[in-house]
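What follows is one structure encoded as structure tokens, with my remarks underneath.
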2 protein chains.
Amino acid sequence: MKHTYEYPRAALTVDCVVFGFDSGQAELQVLLIRRGLAPFKDHWALPGGFVRVEETLDDAARRELEEETGLKDLFLEQLYTFGTVHRDPRERVVSVAYYALTKPADHTTAASTDAAEARWFPVTDIPPLAFDHAEIFATALARLRGKLTYQPVGFELLPPKFTLTQLQRLYESVLGTEIDKRNFRKKVLSYDLLIPLKEQHREGPHRPAQLFRFDPMKYERLKKKGFLFEI
Amino acid sequence: MKHTYEYPRAALTVDCVVFGFDSGQAELQVLLIRRGLAPFKDHWALPGGFVRVEETLDDAARRELEEETGLKDLFLEQLYTFGTVHRDPRERVVSVAYYALTKPADHTTAASTDAAEARWFPVTDIPPLAFDHAEIFATALARLRGKLTYQPVGFELLPPKFTLTQLQRLYESVLGTEIDKRNFRKKVLSYDLLIPLKEQHREGPHRPAQLFRFDPMKYERLKKKGFLFEI
DNA sequence: GAAGTATTGTGTATTATTCACACGAAGTCA
DNA sequence: TGACTTCGTGTGAATAATACACAATACTTC
């Protein structure tokens with residue numbers, strides 16, 4: 001079936017920058033897929049695709065993400081809309097970019113589910129990307145860095161139960177800085193948003209670490225009172 | 001001429017939230033136009049219109065702004081893209097929203113140039129808006145508030161020469177708070193981005209005020225060194 | 001079971017930053 | 001010359017940020 005309009009229209013797509021954090025490697029990762037079709041066939045690219053006319057932008061982003069990578073129910077936020085005229089060599093394509101955060105536990109499902117190859121890359125070492133995806137990726141990383149310091153989004157990148165050291169490694173990895181252990185712990189605990197669990201995390205020949213979980217309800221309550229999370 | 005596509009496509013528009021600051025009234029204003037056509041005929045709305053297929057999103061925003069309000073060469077930044085399915089009653093329309101800042105000197109030109117009625121409203125008292133423009137406006141105001149505290153964008157809202165009191169009034173108006181005069185002056189001057197002029201601003205039966213101008217070059221240099229402007 | 005090893009968990013002193021606060025100076029007008 | 005209005009300035013107290021070192025706990029090995 002054909003669809004006809006009075007004036008030419010741009011095609012509308014969504015692209016997603018999916019960040020994952022590997023507590024083992026202590027390095028921030030980004031999920032890329034290998035393109036199966038021209039243009040940029042066999043190049044690495046951000047997962048994404050066309051927006052359907054009867055779905056919202058957010059819905060389109062979630063749908064494409066699940067179709068191409070198998071990931072769902074992750075933290076997703078609109079990033080920026082890229083609309084230079086020739087960013088796609090075929091025709092005018094405007095892309096609404098999103099960034100997403102996912103927990104390590106979900107990582108495994110990602111690569112396996114879809115036919116198209118999907119792989120995690122450390123953000124410090126990504127291959128050349130199709131279209132203007134390198135620019136989108138850079139924008140997303142900058143946004144994540146900014147956001148991490150004044151919103152408690154980091155927990156989206158960790159498993160539900162985590163140690164303070166894991167949380168610190170996450171911050172260090174994303175921000176690219178070293179943080180003093182005592183000052184970091186003092187600060188995050190002062191917000192009273194982390195609930196110590198009865199469990200401990202034990203691995204290796206050393207003292208086990210206290211496990212915590214994040215309390216999102218409490219954060220919502222505080223947020224309404226103008227509370228600001230800053231690290 | 002008709003244009004035909006395999007799948008239905010959303011129409012793409014830009015909408016602009018234009019902020020202006022009136023040093024006289026010391027209140028933040030927003031520029032609205034009265035719609036001449038259905039839907040929402042005679043309602044107030046944000047200036048905006050359809051994106052042409054051969055222009056970037058930024059270009060479209062600037063073009064529409066000049067066409068509908070006569071304003072040009074102003075600070076313009078992408079805000080967010082609004083893409084719920086039925087935000088326009090006619091068909092699927094996705095709108096890339098921008099916000100713009102303009103100096104009082106440019107205000108007068110605005111209302112006059114175009115045929116469609118354009119008017120400034122204080123942000124605290126705006127009429128009902130067409131489409132989802134109230135939501136767009138709210139998003140823009142929130143963004144401006146956030147931005148003002150960590151980027152020197154406020155100067156875009158003031159004339160080239162301004163007094164520290166005018167600057168303070170601007171911050172107070174946008175942020176909706178009162179600020180201590182001495183602490184405010186100490187802080188903004190500490191960044192060394194304001195150049196005192198030889199001129200003074202005199203009006204009324206009282207001591208005249210020192211005029212300053214903002215040094216954007218210096219800011220650019222500092223920014224590269226990771227400098228952060230915070231108020 | 002004692003010694004070695006690796007990581008967790010904790011407190012204090014020093015230094016910056018933020019905040020609260022009041023009055024003389026410089027102009028106009030009557 | 002006195003009344004009025006806004007401009008312009010400094011200090012002390014409170015709070016937040018920073019730098020920094022060692023004992024506690026588990027596992028492994030001999």
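All chains are named by letter (A, B, ...) in the order of the sequence lines, taking the proteins before the strands, and each is independently numbered beginning at 1. Because the structure is a prediction, the values reported are computed rather than measured.
- As rounded to whole Å, 15 Å separates atom P of D/dT18 from atom CD of A/E178.
- As rounded to whole Å, 14 Å separates atom P of C/dT8 from atom CG of A/L189.
- Checked against the 6.0 Å centroid threshold, A/F82 and A/Y80 count as a close aromatic pair.
- Listed for the A/D132 side chain is no donor-acceptor partner under 3.5 Å among the backbone atoms of A/E135.
- Nearest nucleotide to the side chain of B/H206, out of C/dC29, D/dA19, D/dC7: D/dC7.
- With rounding to whole Å, B/F212 atom CZ is found 7 Å from D/dG8 atom P.
- Rounded to an integer number of Å, the gap from A/L211 CG to C/dT8 P is 11 Å.
- Counting non-hydrogen atoms under 4.0 angstrom, B/R185 reaches a base of the nucleic acid.
- Comparing A/N183 and A/Q200, the nucleotide of DNA chain D nearest to each residue sits closer to the 5' end for A/N183.
- The aromatic rings of A/F155 and A/F229 sit perpendicular to each other, their planes meeting at more than 60°, with 30° as the lower class boundary.
- Mapped onto DNA chain C by nearest heavy atom, A/P205 and A/L164 fall at different nucleotides, with A/P205 at the one closer to the 5' end.
- Within 4.0 Å of B/T165, counting heavy atoms only, lie sugar-phosphate atoms of the nucleic acid but no base atom.
- Annotation for A/F131 and A/R35: closest pair CE1-NH1, 3.5 Å, computed over non-hydrogen atoms.
- Regarding B/I179, its CD1 atom lies at a distance of 14 Å from the C1' atom of C/dT18, rounded to whole Å.
- In the set D/dC20, C/dT18, D/dG8, D/dC20 carries the atom at the smallest distance from any side-chain atom of A/D180.
- The aromatic rings of A/W44 and A/F121 sit perpendicular to each other, their planes meeting at more than 60°, with 30° as the lower class boundary.
- Taking 4.0 angstrom as the limit, A/R207 places none of its side-chain polar atoms (N or O) nearer than this to OP1 or OP2 of C/dG9.
- In this structure, the NZ atom of A/K186 is 13 Å from the P atom of D/dC20, given to the nearest Å.
- Between B/F184 atom CZ and D/dG10 atom P there is a gap of 18 Å when expressed in whole angstrom units.
- Counting distance only, with no hydrogens placed and no angle test, the side-chain atoms of A/K181 and the base atoms of C/dT10 include no donor-acceptor pair under 3.5 Å.
- Summarising the geometry, the separation between CD on A/Q210 and C1' on C/dG9 is reported as 10 Å, rounded to the nearest angstrom.
- Side-chain nitrogen and oxygen atoms of A/R182 include none within less than 4.0 Å of the OP1 or OP2 phosphate oxygen of C/dG9.
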